[in-house]
Protein chains: 2
Amino acid sequence: MLSRKTKYGFKALSFLARREDNEPVQIEVISKAENISQKFLESILLTLKKAGYLGAKKGKGGGYYLLEKSRNTPIAAFYRVLEGPIAMVPCVSLNFYEKCEDCPDEDLCSVHNLMIQVRDNTLSIMENTSLSDFVKNQLT
Amino acid sequence: MLSRKTKYGFKALSFLARREDNEPVQIEVISKAENISQKFLESILLTLKKAGYLGAKKGKGGGYYLLEKSRNTPIAAFYRVLEGPIAMVPCVSLNFYEKCEDCPDEDLCSVHNLMIQVRDNTLSIMENTSLSDFVKNQLT
DNA sequence: TATTATCCTATCGATTTAGTAGAGTTTGCA
DNA sequence: TGCAAACTCTACTAAATCGATAGGATAATA
């Protein structure tokens with residue numbers, strides 16, 4: 001299941017993408033518009049900024065804004081920053097690979113092979129959807 | 001990410017499916033073969049039994065065995081018993097639906113619509129894979 | 001310099017996860 | 001009948017994670 005962190009992050013990104021101008025928006029505005037706890041959202045936006053997807057401006061008239069490149073960044077990238085691996089088991093993760101200590105042979109493991117299929121399908125969606133798709137389809 | 005409970009459950013089911021005879025197998029045998037903590041596996045197998053997928057026999061020569069129908073039961077069913085909803089958010093779950101309290105309109109929600117796609121793709125895999133497929137492909 | 005708004009660290013309660021302990025119950029067999 | 005084998009059930013626990021809150025530090029603006 002998706003954590004609230006990721007869900008809120010997606011909604012905040014979607015909110016910022018819907019504004020054509022990339023003017024800074026205060027955390028408070030986003031949190032009220034999307035019904036998100038302000039302090040929690042604060043830490044989420046900071047994470048996205050540190051990851052290089054958002055810009056921020058301090059002081060009056062400040063806030064967070066979408067960096068231009070983020071409009072066409074696949075959702076998969078945001079997901080990895082907020083939630084972690086897209087794969088359901090570390091042994092099929094492309095970006096966070098880890099061997100299972102209990103499994104002698106990955107190629108013969110039923111779970112491994114099933115989860116590769118799931119990963120590939122999920123990836124194909126998340127790599128081919130961007131914030132601009134959300135805007136295009138009027139999604140909030 | 002998949003919990004160990006689900007992963008272990010899948011491996012135990014796969015183990016039982018590989019035996020053509022549906023003779024009872026002791027927990028200890030499965031736990032050693034698959035490198036799973038015996039007591040933990042105990043509770044997992046009990047869950048699967050209560051859900052109607054495994055049979056059990058007490059006393060000498062007892063153990064757990066696969067019910068015949070379970071061979072062709074889709075993995076999705078086992079997943080729901082062990083892990084819960086397949087959907088990544090409750091508002092797109094078919095079997096565990098819940099409305100998001102923060103979301104005014106599901107049809108316009110970017111997260112909702114994205115997760116419907118993910119769910120449908122994951123479902124198509126999990127509904128079309130069974131234990132007999134594992135056996136067929138020699139997967140442990 | 002006062003105000004505004006992000007940045008950062010620390011903490012917290014509740015829940016979940018991955019087990020462990022141990023007694024109870026049923027079955028097979030001598 | 002009685003013992004041993006093996007599942008059944010309840011309860012407990014340590015550790016991690018989640019969702020959130022508190023409060024001060026820092027930077028930008030007027």
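Chain identifiers are assigned alphabetically (A, B, ...) following the order of the sequence lines, protein sequences preceding nucleic acid strands; residue numbering begins at 1 within each chain.
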Run the salt-bridge test on [X] and [Y] with the 4.0 Å N-O cut-off and return the result as yes or no.
| X | Y | value |
| --- | --- | --- |
| B/E83 | B/R4 | no |
| B/R80 | B/E127 | yes |
| B/R18 | B/E34 | yes |

Let me know the distance between [atom1] of [X] and [atom2] of [N], rounded to the nearest Å.
| X | N | atom1 | atom2 | value |
| --- | --- | --- | --- | --- |
| B/R4 | D/dA16 | CZ | C1' | 12 Å |
| A/F40 | C/dT11 | CZ | C1' | 15 Å |
| A/I27 | C/dC8 | CD1 | P | 12 Å |
| B/K49 | D/dT8 | NZ | C1' | 8 Å |
| B/L41 | D/dT8 | CG | P | 12 Å |
| B/I44 | C/dT20 | CD1 | C1' | 14 Å |
| B/E23 | D/dA6 | CD | P | 14 Å |
| B/L48 | D/dT8 | CG | C1' | 15 Å |

Task: Closest to the A/K60 side chain, choosing from D/dT8, C/dT4, D/dA5 - done: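 For A/K60, the side-chain atoms sit closest to C/dT4.
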TODO: Choose from C/dC29, C/dC8, D/dC7 the nucleotide whose nearest atom is closest to any side-chain atom of A/E42.
DONE: C/dC8
- [ ] Between A/I36 and A/K39, name the one whose nearest nucleotide on DNA chain D is closer to the 5' end.
- [x] A/I36
Open item on the list: Both A/L2 and B/G62 contact DNA chain D. Which one's nearest nucleotide lies toward the 5' end?
Closed with: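 Checking each residue's closest nucleotide, the 5'-ward one belongs to B/G62.
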Open item on the list: Counting only side-chain nitrogens and oxygens, does B/S37 get under 4.0 Å of the OP1 or OP2 atom of C/dT20?
Closed with: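 So the side-chain polar atoms of B/S37 do come within 4.0 Å of the phosphate oxygens OP1 or OP2 of C/dT20, strictly under.
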Open item on the list: Please determine whether a side-chain nitrogen or oxygen atom of A/Y8 lies at a distance below 4.0 Å from atom OP1 or OP2 of D/dA20.
Closed with: yes
[X] (side chain) and [N] (base): donor-acceptor pair under 3.5 Å:
| X | N | value |
| --- | --- | --- |
| B/K57 | C/dG28 | no |
| B/E28 | D/dC7 | no |
| B/K58 | C/dG24 | no |

Base, sugar-phosphate, or nothing for [X], non-hydrogen atoms under 4.0 angstrom?
| X | answer |
| --- | --- |
| B/V25 | sugar-phosphate |
| B/L45 | nothing |
| B/K50 | sugar-phosphate |

Task: Nearest non-hydrogen partners of A/Y53 and A/A77, listed with the distance - done: OH-CB, 3.4 Å
TODO: Just say parallel, tilted or perpendicular for the rings of B/Y79 and B/F10, cut-offs at 30° and 60°.
DONE: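 Tilted: the ring planes of B/Y79 and B/F10 meet at 30° to 60°.
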